[in-house]
Protein chains: 2
Amino acid sequence: MTSSATGSAVTMHIGELAEKTGLSLRTIRHYDEVGLLKASARTEGGFRLYTQEDHSRLMVIRRMKPLGFSLDEMMALLKVIDTMQGGVAGSNNTSVRAELDAFVAEAVERRQKLQDQLAMADEFLELLRMQ
Amino acid sequence: MTSSATGSAVTMHIGELAEKTGLSLRTIRHYDEVGLLKASARTEGGFRLYTQEDHSRLMVIRRMKPLGFSLDEMMALLKVIDTMQGGVAGSNNTSVRAELDAFVAEAVERRQKLQDQLAMADEFLELLRMQ
DNA sequence: GCAATCAACCCTTACGTTAGGGTAGTGTTG
DNA sequence: CAACACTACCCTAACGTAAGGGTTGATTGC
């Protein structure tokens, strides 16, 4: 019963997107404001309209968040991904590839830090339980 | 060699404490400002002086941080721990114990969230590597 | 013996930043 | 009409950062 069959270009309002992603309305509006994820369109009256594409982009963002990237960094990464996917065959994507690799490296590093934090948290919990 | 260098009343300046804990000077000063960890003393000239006690308190704080507790919450927890340790034997520590248990529960929950974030990060990394 | 100097360290404002949260007051949609 | 959405604005935590000045304590010169 995916009731979104209101025509061919499936769109949704901000509320539905919020529910699907688990992000707040405020957060999504903020992403729009700063340009991290602009609404694909607006209704006559000004309501933001989002597509499936927007949804999956937002999911990428959501998964990046735990790594503590800034919104600017996320923006940059999304651009890189777009470039690679919309890549003109045979164009010079070496620099883009390099940029992506840098992101991966950074992400791996941050993942490590996250894990360290987990370890630290466990130390703390043990300490707490000893009381 | 003058008088009090007998090992146990050792104090240090903020820089040494920063190095030992891995926290920034600014962070430690901030903790002083808001009362999370006030310097035990000051020199005549105004330098903050910290003891070994301070050091271990700060380590507790540092280990709590990954769990995302606010400074106010940390302050509350430290107070609870202090109360328990300086506990007059036989005093009514039931409510204090309850408070501690609440903290433990909260901490466990947050630890879980941390782990979820780690999982999300891994999903993201896989996604990145597929590019 | 003691002032002067110097690098390293520390101090206090005080404003800036990030990623949203919260509210009010008003308009839109079904 | 009830839900939902809009803009615009102020607010927050936990520091970062810059500016301008003071302290410490070891070394130097007299």
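Every chain is numbered from 1, with letters handed out A, B, ... down the list of sequences.
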| chain B contact limits on DNA chain C, taken 5' to 3' with a cut-off of 4.0 angstrom to heavy atoms | dC9(C) to dA14(C)
| Mind checking what makes side chain to side chain contact (heavy atoms under 4.5 Å, CB included) contact with Lys113(B), not counting sequence neighbours? | none
| query | Mind checking what makes side chain to side chain contact (heavy atoms under 4.5 Å, CB included) contact with Glu109(B), not counting sequence neighbours? | reply | none
| message | Please list, in numerical order, the residues of residues 57-80 of chain B that have a heavy atom closer than 4.0 Å to any atom of DNA chain D. | response | Lys65(B), Ser70(B), Leu71(B)
| request: Just jot down the side-chain hydrogen bond (donor to acceptor under 3.5 Å, both in side chains) partners of Thr21(B), sequence neighbours excluded, or say none. | output: none
| side chain to side chain donor-acceptor pair (under 3.5 Å) contacts in which one or both residues fall within residues 68-78 of chain A, not counting sequence neighbours | Ser70(A)-Glu73(A)
| request: Find the distance His13(A):NE2 to dA2(D):P and express it as a whole number of Å. | output: 20 Å
| said: Please determine whether the number of non-hydrogen atoms from other residues, nucleotides or ligands lying under 6.0 Å from atom CD of Glu106(A) exceeds 12. | reply: yes
| Got a sec: does the NZ of Lys38(A) have more than 12 other heavy atoms crowding it under 6.0 Å? | no
| request: Quick one: which residue pairs count as a salt bridge (Lys or Arg N to Asp or Glu O under 4.0 Å) with a foot in residues 49-58 of chain B, not counting sequence neighbours? | output: Arg57(B)-Asp82(B)
| Which residues share a salt bridge (Lys or Arg N to Asp or Glu O under 4.0 Å) with Arg26(B), sequence neighbours left out | Glu33(B)
| Which ring pair (Phe, Tyr, Trp, His ring centres under 6.0 Å) pairs, counting each pair once, include a residue from residues 26-53 of chain B, with sequence neighbours left out? | His13(B)-Phe47(B)
| With a cut-off of 6.0 Å (strictly less than), are more than 12 heavy atoms of other residues, nucleotides or ligands near CD of Glu19(A)? | no
| query | Any side-chain heavy-atom pair from Leu100(A) and Leu77(A) closer than 4.5 angstrom? | reply | yes
Side-chain donor-acceptor contacts of residues 119-127 of chain A below 3.5 Å, not counting sequence neighbours, with atom names and distances?
from      : atom 1 : to        : atom 2 : distance (Å)
Asp122(A) : OD1    : Arg111(B) : NH1    : 2.7
Asp122(A) : OD2    : Arg111(B) : NH1    : 2.7
Glu123(A) : OE1    : Arg63(B)  : NH1    : 3.0

| request: For DNA chain D, find the residues of residues 36-46 of chain A with a heavy-atom distance under 4.0 Å and give them by number; none if there aren't any. | output: Arg42(A), Gly46(A)
| message | Using a strict heavy-atom distance below 4.0 Å, which residues from residues 18-32 of chain B are in contact with DNA chain C? | response | Arg26(B), Arg29(B)
